[in-house]
Structures are given as structure tokens and as C-alpha cells.
2 protein chains.
Amino acid sequence: MTVRALYHYDEIGLLSASERTPAGHRRYTERDLRRLYRVRALRALGLSLEEIAGVLDGAADDPESMRELLTAQLRRLDEHAELIGTLRQRIRGLLRQAGDSSGPDPERLMTTLELMSVFETYFTEEQRERLAERRNALGGEGVEAARREWAGLVEEGLRLVETGVPAEDERARDLVRRWDALAGGFHPGGPDGERTRAAARRMWRDNSAEIGRSLPWPAERMAGLVSYLEQARRSG
Amino acid sequence: MTVRALYHYDEIGLLSASERTPAGHRRYTERDLRRLYRVRALRALGLSLEEIAGVLDGAADDPESMRELLTAQLRRLDEHAELIGTLRQRIRGLLRQAGDSSGPDPERLMTTLELMSVFETYFTEEQRERLAERRNALGGEGVEAARREWAGLVEEGLRLVETGVPAEDERARDLVRRWDALAGGFHPGGPDGERTRAAARRMWRDNSAEIGRSLPWPAERMAGLVSYLEQARRSG
DNA sequence: GCTACGACCTCCCCCGGCGGGAGGTTCAAG
DNA sequence: CTTGAACCTCCCGCCGGGGGAGGTCGTAGC
């Protein structure tokens, strides 16, 4: 406990010495001291000074307020703990990614970071949770199989683009259908799924270069493919 | 993302638009945008802007810095999670105390809070952990038995005080010995135990009224008993 | 009684990570 | 040409105090 904290409590009216010596020095009475003890204990539980003032001044009127405050604080702590848990998971994932290949690859790590940010820009937290649920439901091999299948679709699409097949061609439209079916496995059902699908298309359209950076194909070829597929989708 | 945050990043030199229009409007280039993505992702992991600036500007020189930063952050999050865990335990304990008796008893709750603060004043965090270990080792019934035995000692001591038996009397010194033996079960062994014992005596001496408030005997009688025992201890 | 030296006082600026507003300029659509 | 939105700079505010300047007070030793 520093004297600055006491001055601060005095300033904000949370706890002031009820007496002063003629010279102006603060004299804390027994009652002040007891109030200080309560303040410190409640601070140590993570309550704000404002909340503490409220419960200490209003507790006489409403004996329930204390319990309400504590349960509310418990909820806040629970939420906070959950947040910390997800952050730990994420950081561990990043460290695994950075550490599993023999040489550390800061470029790949940075790209992953960028993609995390792009993801959070286009999907709400709720949507990201739904998507994570779907991904977990598919399991590791399911995701890996989808990735391989998708790689085949990309190769096929790049061939269509670069051999000059128009986007209105039935082959392009069929590719779009298979592409969307594959992506569909990662989206939740119902109107939520439609929303995440739309968000994903926006994300691809606005950031195909950025996303392409994490893929084995050159970013500009991916960008071309994305706009080609978009055109084919509109035409169908 | 608000524009204020971008201005702030500019101000502290973390991220500034590399170009400006003739009118002075910021133009963020593709590279700026990628840097922004990294900043946002690292912020979302709980890193400070200063740390982010450090790792983004120094990562080229030292590819290890990123990993170090992430592991350090992981440690911080672990500590934070542990703190939150203990706070939750405490709050749950307080809520139990407030809720088990039929009517809520805010006075008792307040007294408990005061005692928590007094405890934290006299024992370091490490010492409190040791004491908690000992208490857990004794178990619930062990603590309850000690409490009953101790109540007997208090009654005995109050009789000695109030019948005028001098503190130098053998009966008083014997009481002190049994008192200390009982308390000894709650203290760790070795020099640590000596330190926590000394801290406990200081706490009793300075705050017998405060502590007595939580006991079934009047505070001033407990205060008298404490100073009597102290005198007896010195005389022996 | 005098003189150190510590403890206390008030007043003010500082941290991080922005939010919000005032007051002015610029841009794009109608 | 106007109008409304977007942008700019500059400044004050939050929370829980930390730290220092510059002055006063209290007490212990000589």
C-alpha cells in the first residue's frame, strides 16, 4: 500500500481520513481503517473502485447488492478465463507452426497472422465459432481430404482460365458447383450458412492476393481464378 | 477497427500510411495494409503495441524474437489464468459464506473481507501459500478439532486474566506453550515456520480488536488476552 | 534551542490504448 | 453548386495510480 493510493482514494471520494491534524496531516480513524481493509480486499478480487464505492456506501440499504456484485464479478472472471484459454490455444498453435519445420519460417508465420486478421474482419466472432465447430466435426483427416480435393479443383480452374475457356462455359459452371459443394461442408446449415458463405465470397473477392500468399500457387494466378469463378457463378 | 486507432498507431510510429494525397489524406498501400493485419493479429493475442512494434521491426534481424515473444506471452497468460482461478475460488468461498445461513449476514461478510486484507498485510503471498498447504494437509476435521481445542484455551486464558493470575505464573506459561503447540500445526517447518509464526504474532498484537470481531468473544477481552499471553511469553 | 532528516502535504504531468468532440477541409454524388 | 459524408489536426477524458517538484511538519540528537 503506497501513500499515493490513499491520496487517490481521497480524491475520488472513496476513502478520506475523517480527521486532520491542525497541520493538515491526515488522521485515519479506526473506522477509516476498517473501510480501507474492505476496499483493499474488494480490489484484490478485481472490482473497480467505483463498484467498491457503490457496494460499501449502499450495502446498508441493500444487503443483496454485495452478493449481486460478487456473482457478476464471478461471471466476468469466467469470461476472462475463457478468453485467456482461447488465446493460449492460438498461441500454442502458432508456436507449433513455427517450430515443427526444422528452420523457423517467419514469413509463413506472418502470413498466418495476416490471415487471422482477415478472417476476423469478415466473420463475426459467432460465425467463427460455428465454422470452428464444423471444422472440428470434419476432423483432421476430413479437412486434409477436402484440402486435397480443393487443390485438384484449383488446378482444373487454372487450366480453364489459361486455356481461354469462357466463364460462361458449362465446364466453368460445373467447376463452381463442385467448388461450392466442397466449401459447403465447412459452413453451418440454415441461413447462418448462407451468411458465412456470402462473407467468405466477399473475403475471397477483396483479399485474393493476401489469401493466395499462403497457397502454393502464385497470388496473381489465384486472383485471376477467383474473379473468373465469380463471373461463372453470376452467369449461372 | 476505428479510424482513431489508425491515428494512434500513426502517432506512436507503429504504422503510418506511407503516402498522402495532396490534400493530406492518408493513403495506405498494400504493404501498410499487410502490416496492419499483423498488428491486429498480434494485438488480438494480447501483446502490447510496443512489443508488436519491436517484433515487426526487428523480426528480419532476429527470426527467433517472434518465438520468444509468443512463449513469453504464453507464460503471462498462464500466470493470469492462475490468478483468475484463485480469485474465482475466493469469490465462490465468499458467496458460500454469504449464502449458507438463511438470512444474508453482510456484517460477517465485511469482517471476512477485513480479515483477508489484514492477512495479506502481514503474510507474503508465498507464506500464505505455505499456510494454505498446511491447512489442506490438516483437512476439514483437523481444522475443526483445532478450532474447538483453541476455543477451550481461550476460555481458560480469559479465566486466568480475569481472576488476576499474573502473567509470570506457571499456569499462564503453560497455556502459552499449549497455545503455541496448537498454532504450530498450522505453520510450515523450518525457518519459514518461525517467520510465519512471528508474522502471526505481530498480526495479533497490532490487530487483536479487528480479528476479535470475527470471534465469539468480545473484542476487548480478546485484546486483553493477547497482551497477557504476550507478556507471559516474554517472561518464559 | 538548533539542526538535520524523514514524513507529509498539494499540484502537476505521466503511462496504455484508444474514445469522443470541436472546428476546419476535402471529396463524390446529385 | 450544393450537400452530406469522410477526412484532417488538436485537445481532453478514462482507470489506477507512479513519480517528482517544491514546500511544511515533526521528531531525534546535540
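The sequence lines fix the lettering, A, B, ..., with proteins before strands; numbering per chain opens at 1.
Residue whose closest nucleotide on DNA chain C sits further toward the 5' end, between B:Leu6 and A:Tyr7: A:Tyr7. Each of A:Pro22 and A:Tyr9 lies near DNA chain D, and the nucleotide nearest A:Tyr9 is the one positioned closer to the 5' end.
Residue contacts for B:Thr21: at a heavy-atom cut-off of 4.0 Å it reaches no nucleic acid atom on any strand shown.
If you take CZ on B:Arg88 and CG on A:Asp78, they are separated by 4.5 Å, rounding to the nearest 0.5 Å.
Distance, B:Met1 CE to D:dC7 P: 13 Å, rounded to whole Å. One interatomic measurement links the two molecules: CZ of B:Arg20 to P of D:dA6, which rounds to 19 Å at whole-angstrom precision. Rounding to whole angstrom units, CD1 of residue B:Ile12 and C1' of C:dG16 are separated by 9 Å. Atom P of nucleotide C:dG17 and atom CG of B:Asp10 are separated by 16 Å, given to the nearest angstrom. Between the P atom of C:dT10 and the NE2 atom of A:His8 lies a distance of 15 Å, rounded to the nearest Å.
At a cut-off of 3.5 angstrom, counting only N and O atoms as typed in the model, there is no donor on one side facing an acceptor on the other between the side-chain of A:Arg4 and the base of D:dG16.
For A:Glu50, the listed nucleotide lying nearest its side chain is D:dC15; candidates were C:dC9, C:dC18, D:dC15. Taking the side chain of A:His25 as heavy atoms from C-beta on, and the options D:dC8, D:dG26, C:dG17, the nearest nucleotide is D:dG26.
Between B:Asp180 and B:Arg201, none of the side-chain N atoms (NZ, or NE/NH1/NH2) sits under 4.0 Å from a carboxylate O, so this pair counts as no salt bridge. Checked for salt-bridge contact, A:Arg40 and B:Glu120 miss the test: no charged N lies under 4.0 Å from a carboxylate O.
When only modelled atom types and interatomic distance are considered, B:Thr29 and B:Glu19 share no side-chain donor-acceptor pair under 3.5 Å. One side chain, A:Tyr37 or B:Asn207, offers a donor N or O that lies under 3.5 Å from an acceptor on the other.
Near DNA chain C, defined here as any heavy-atom distance below 4.0 Å, the residues from residues 26-49 of chain B are B:Arg43, B:Ser48, B:Leu49, listed numerically.
Between A:Gln73 and A:Leu77 the shortest side-chain heavy-atom distance falls below 4.5 Å.
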